[in-house]
Each structure stands twice: as C-alpha cells, then as structure tokens.
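All figures in this text were calculated on a predicted structure; none of them were measured in a lab. In the text below, chain A, chain B and the rest are named by the order of the sequence lines, each starting its count at 1.
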There are 2 protein chains.
Amino acid sequence: MSTRKTSSASRVVTIGDVARAAQVSTTTVSKVINGLPRVGAETRQRVLEVVAELGYQVNPTARNLRAGRTDAIGLLVPELDRPYFGQLATRLANALEPTGRQLVVQRSGVSRADELAAASFARLRMYDGVIISVVGLNPSDLEQLNFQTPVVLVGERPLPRTFDHVMMDNVEGAATATAHLLERGSRRIVMLGGRDGTTEQDMPTLRTLGYYKAHARLGVPLDARLVAAVLPMDMATGYAAVRSLVDAGVTFDGIVAVTDVVAIGALRALADLGIRVPAEVQVVGFDNIDETEFSTPRLTTIDPGNEQIAGTVLQFLETRMAEHSAGLPRTSSKPTAEVTIPARLVIRESTRRA
Amino acid sequence: MSTRKTSSASRVVTIGDVARAAQVSTTTVSKVINGLPRVGAETRQRVLEVVAELGYQVNPTARNLRAGRTDAIGLLVPELDRPYFGQLATRLANALEPTGRQLVVQRSGVSRADELAAASFARLRMYDGVIISVVGLNPSDLEQLNFQTPVVLVGERPLPRTFDHVMMDNVEGAATATAHLLERGSRRIVMLGGRDGTTEQDMPTLRTLGYYKAHARLGVPLDARLVAAVLPMDMATGYAAVRSLVDAGVTFDGIVAVTDVVAIGALRALADLGIRVPAEVQVVGFDNIDETEFSTPRLTTIDPGNEQIAGTVLQFLETRMAEHSAGLPRTSSKPTAEVTIPARLVIRESTRRA
DNA sequence: TTGAAAGCGCTAACAC
DNA sequence: GTGTTAGCGCTTTCAA
C-alpha cells in the first residue's frame, strides 16, 4: 500500500500519467523519452506532445535505481572554499566531461558530527565512482568505510592500503622547497604550518619531515622554535603565525609554508612588517595554485604534479569502474595501486636568484 | 524478469541478504537499521551482527526513491574554482549543517554541450531543494526548466520571474565603487571586464551600468575606450587586459574591476608596469572575497552582502520546501519573492584616503 | 514483537 | 510497433 501523500493538489507527473494521457503503455513512453527505436512516428509525436503539455520530467532517482548507475562521480573534499580543491575539481570535471559523466562535489567537513559524517559517506554510494581527498580525514573512518563503490584516494598517505591511492610526494616536495631556500642562502627557515612529533602521517607532518631532511642533507642545524603550527591552514592563520613569531622575537630569513594559501598570508604579514621578500626573507609555498602567479611577489612553490594527479586518479577510477560493472569483486582484482607523483619546484619571485 | 547481471562473483549485499542470513524479515532489518522501536533486543543484536559480517550498507538511491526525499540540497555554480562560489558554498553548507542536510555542488559549465547541460539539469531533481547561481546561465534555459523541485536563484537578474530570487545590487554596488574612485580624485576610470550595448541583463552589463550612473551623477565625462572586455573573467585575463590597455596607449588613473579576481590580476599587472596603487591608479573590486584582505595592496571592494545572501537564499528555500512537502503546487503559493540585498563599500588599501 | 505485501518511478525481457 | 510484466532495494501500512 502506498504511503504517498495523495494530498489535494499537484502531484508530480510520472511516466504513468503520460502513458495514460497519450493512451499508450509506459514502455512506449520510456522509449520515446530515451530516444530508442521501435516506436511509430506518430505515436512518438503524440507522446512528445503529452510530455510537453504535462511538463513531464523523468525522475532520476527511479531511473538510477533501475539502471544501477548514476553517471555521476563523487568528489569528497575537506573544504569547499580552498583554491587547491576548487582547482582539482575543475580539472577532474573537465576530464570527465567527454565521458558524459558529471562531477559532484561534497564536503567531508573535518569538524562534522559523526552522525552527519556517516550520512555524508552513505550518500557516496549513489555515485558510480568516488574520489576522496584524504587530507584531514581520519584513516579509521576510511577503513570502516567498506565500500562497494569504486574509490580512489588522493592526497597524503593514510594507513590502510584498501583503496587505490594517488599520492603527492609531500616529503620530497618539502625537502626540495627547503633545499632551495638553503641553497639560496637562508639559514634560519621557518616551517610555517609544520607539525611535529606526531606519529600521524598527515600532510603537515610529512611536509615537516621533508623540511628536516633537507636540513640534514645540507648539514644545517635546526631550531625547534622555527616550526610553527597553523590551524586551520588558511590565509588568516598564516598571517597571524608570522606576526606571532616576530612578536616573540624569533629571527628567521626564510619561510617554507605548508600550503600556498598559508604562504600568501605570510607574504601579507611580511609586507606589513616592512620585511622585504626575497631580499630579507625568502618564501616558498606548496601546491602551485593559480593564485601564486598573481601574488606580490609571485610565489615560488612546489607543484605536486597537479595535472598528472588528476589524470592518474581518473585512470585508476576508470579501471575500477570497469571491473565493477563487469561484476568483479574488489578483492578479486589486482591489488590496490599506490602511486606517488613526483613534485617539481616552480621558481618565481619570492626566492632569490642563484 | 530481472535484468541484473547475475554474473559470477560478489553481488552487492542487500537488505534481503541480511534478512535471510539473520532469519528475519526485511521489515525487521529495516527497523534495526533505522533505529526504530518495536524490535526485540536479541533480534536486533543478531541483525546487527549479520550486518557487520556481511558488510551491508543501505542503498541510498532505493531509500530516496521510497522516501521521496534525499536530504540533500543542490548548488549549481558556473565554475568550481572561483573563490566567490567556493565561499558561497561554504556559507550555505555551514548553515545547512544543523538541519541535517548535505550541500552538493555541481558545475553548470557555461561551455557545455546542450546534451550534457540537460543531463546536468535533470540531476537536480534528485535534491530536495536547489540553489542556482544564474551567472552566465541562459535565461531561456532556465525558463524551460519547469521544475517540480523547490528552486531559489541567486545572483544577477534574469528575465523570467518564475523562481524566488536573491539578487545582488549590481548596479548600485558598481555605482558606489565608481563614485568612491571619483570622489578620491580619479577622472579616467577603466571599467575592467565591462560589457556594453547589450540588451542582456547579465552581471558585467549591470555593473557597467552602475559605472555609467556614477559618472552621470557626478558629471564626469565618459570615454568608450575605458570599457575593456575581460573574458573569461579570471586573474590571467584581468592581467592581460590591463597590459593591453597600457600597450594601446590608453591612459587611466582608476580601475573598477568587474570582480575581485579580475582586480587581483590587474594589481599584478600594475605592479609589473611599475604603476603605483593607489597613488597613480586606484583600484576597486567587487565581491569581497577573502583574498582581498591579503593582496598587496589590500583591495578596496564592494561587499554584495554575502552573509545576508546566503541566509536569505536558505530562508526562501526552506519556505518552498515546506510548501512542497505539504503537497502544495508551486503556483498556489504566494508569488515568487525577489529580493535585492544592499551592497556595501569596503575600503582597504587600493584606494586613497579622503 | 514480527512479517506479508504493496509500491516509490522507471526500464528491459519477452511475447504478441 | 506495442504492451505485459517483473523487479531495482527499500520502507511502511496493516494484520497476526
């Protein structure tokens, strides 16, 4: 028995309503709607008229349930307003467009209540494939995810090896950035947004590790006071952190920022303090977001291989989706792939010439 | 007869599988999953065990079809990598969070093939409510949209009055920005990203209109060469447009940029050209994105009332959704609301002190 | 406390 | 060329 609220007015018009009004079966209407053959020309005509008249539109939920497909790919990002993720989403959406699939973006929301997070994860099953940015995501959440849907992870390194994973080379990238400053003469380099001593393999920790490595390789001593936390990692906190450092009397002649966004906050702080970049302090970011070409000065940064990341993610996902639709279980297929994309230094104006 | 590919291996586990394994009915499993009462403690226990063992997860598509709800709100934006939309999305997602609904973002993709655009629109019916940013959207597309789902429009002014609509005050905002430069001494002001002579009421045209208005009010003459097109509207094109202007020998002492992003490109170009801001050229943007506080110099801009826009959009949407779920037809309810949020000048460093 | 059964709106075998 | 019918996976009366 139906539970539908048959309440008075305007029900949404269904394929059945169209069929009735056009005096044909729902099958025929379905064929017309989907442009399938085997329908008489004038029947098609009549159906089309009724569709227009009644303003019928197909119910995508019902269609999806029936078809077992949605032709949509989900992207889960920690925040919707971070340039890096917007730019990643755009790359993915562009690449997906020719395949006729839609990219749909959701926020995982680091701060979310468990209940909501769960609901948000459950929704992901609606997509034919899912791309998850693991930044700030709890690895154990991920582990208990137990997905039927094809999934590719993108970002740093989580513990479980249950999914295909495209990683940035956080450690070597940060080491390259740090070495660049060291080679150009900096000796007291701030790790802005650095994280320390945790066993967690999250992004700030890994990048901090690269910072240490570069110092070790070049035999430059470290000062623990130069590792400054920045939370959340945005422009305002990057700005504030630099000011605190200066207020606290910490001296430095270089900054490795954990992300470009944090670096841009830092640049602004240095300008306010009348500290010249790169003459007095060199600054390097990480991510190579578009904004780095337009800051003053233009920001030297690490390109984690953005184009290649997007391409590889999609390639992995295609493979998994093909397996999936062939009815193969996840486990039967080849073991999960894990690729690290090489990072590349992009020298602009915030560091000195050699 | 089922069409499912009963192919060899791992089918996705359904509620029926759980029921069978736990020796109960699907009804009971459903109740357990949804935490409903009227289930024996040990039955519940057993079901839960089976759920865990089989790794069952509910199929949200099926649930949605049955429930007639998705608990998700769709947001359609022209691009995923524009700060303004990322920041709008974040505001909306934050406000939605307490209501237990998820925001889901899709790109309308101005450049998209019709077919894809249609599919993208069809998908919107999956949401309980839809927020559409009409920037760059064809009004006729919108008109033939014929939506059953509650919709609120946000942005500039389209022709059809078929939906609730929250508008920025593009004209007065741009007039305020322009007047500000005029009052601070600029006399030859570039309208960067301006659009002219069209009958279209799109965002660039409306903002250009405001630019004209301010000149008229203050009795300052116009020069057609100062209205410079910028397409697409991003940092790179803003940058290029300023350089072209200078290369073409056009002189100017102020810039009203159609968006903050374009203004940031302009700032970079001026820096490269050795033109001092605000001493030689004053610059004002539009949107009040977060980045304006961190550019060098900080950007004076127009705040279109971002917080209020998000709040009003959601308020309209709630109302429509309530009507909708009460079974009322769109037409029976009060006429569509149309609100213009007042714009506000935010003075920073890219314009001179009075 | 539990289950049988209907049906959300759609599509695809299959028969005619 | 057209219709009959089953059923995608789930929730919800209603009866037991």
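- Taking the side-chain contact (heavy atoms from CB on, under 4.5 Å) definition, one finds that A:Asp81 meets it with A:Glu79, B:Gln87, B:Thr90, sequence neighbours left out.
- When the side-chain hydrogen bond (donor to acceptor under 3.5 Å, both in side chains) test is applied to A:Gln45, the partners found at least two apart in sequence or on another chain are A:Glu49.
- OP1 or OP2 of D:dT11 has at least one side-chain nitrogen or oxygen of B:Arg63 nearer than 4.0 Å.
- The side-chain contact (heavy atoms from CB on, under 4.5 Å) check on A:Thr312 picks up A:Val166, A:Gln308, A:Phe316, A:Ile341, with sequence neighbours excluded.
- Qualifying side-chain hydrogen bond (donor to acceptor under 3.5 Å, both in side chains) partners for B:Arg91, counting only residues two or more places apart in sequence or in other chains: B:Glu307.
- Note: A:Leu153 CG to A:Glu338 CD = 9.5 Å, rounded to the nearest 0.5 Å.
- Not a single side-chain hydrogen bond (donor to acceptor under 3.5 Å, both in side chains) links B:Arg82 to another residue, sequence neighbours left out.
- When the local axes at the two ends of the helix from C:dT1-D:dA16 to C:dC16-D:dG1 are compared, using 5 base pairs at each end, they differ in direction by 40° after rounding to 10°.
- Under the side-chain hydrogen bond (donor to acceptor under 3.5 Å, both in side chains) criterion, A:Arg44 pairs with no residue at all, not counting sequence neighbours.
- Residues forming a salt bridge (Lys or Arg N to Asp or Glu O under 4.0 Å) with A:Asp128 (at least two apart in sequence, or on another chain): none.
- Across all strands shown, A:Thr27 has heavy atoms under 4.0 Å from base atoms, whether or not it also approaches the sugar-phosphate.
- Contacts between residues 31-44 of chain B and DNA chain D, counted as heavy-atom distances below 4.0 Å, involve B:Asn34.
- Of the two residues near DNA chain C, B:Leu65 and A:Ala67, the one whose nearest nucleotide lies more 5' is B:Leu65.
- Relative to the side chain of B:Arg66, the nucleotides C:dC8, D:dG3, C:dG3 differ in distance, and C:dC8 lies closest.
- For the OP1/OP2 pair of C:dT11 and a distance below 4.0 Å, the side-chain nitrogens and oxygens of A:Ser30 include at least one atom meeting the criterion.
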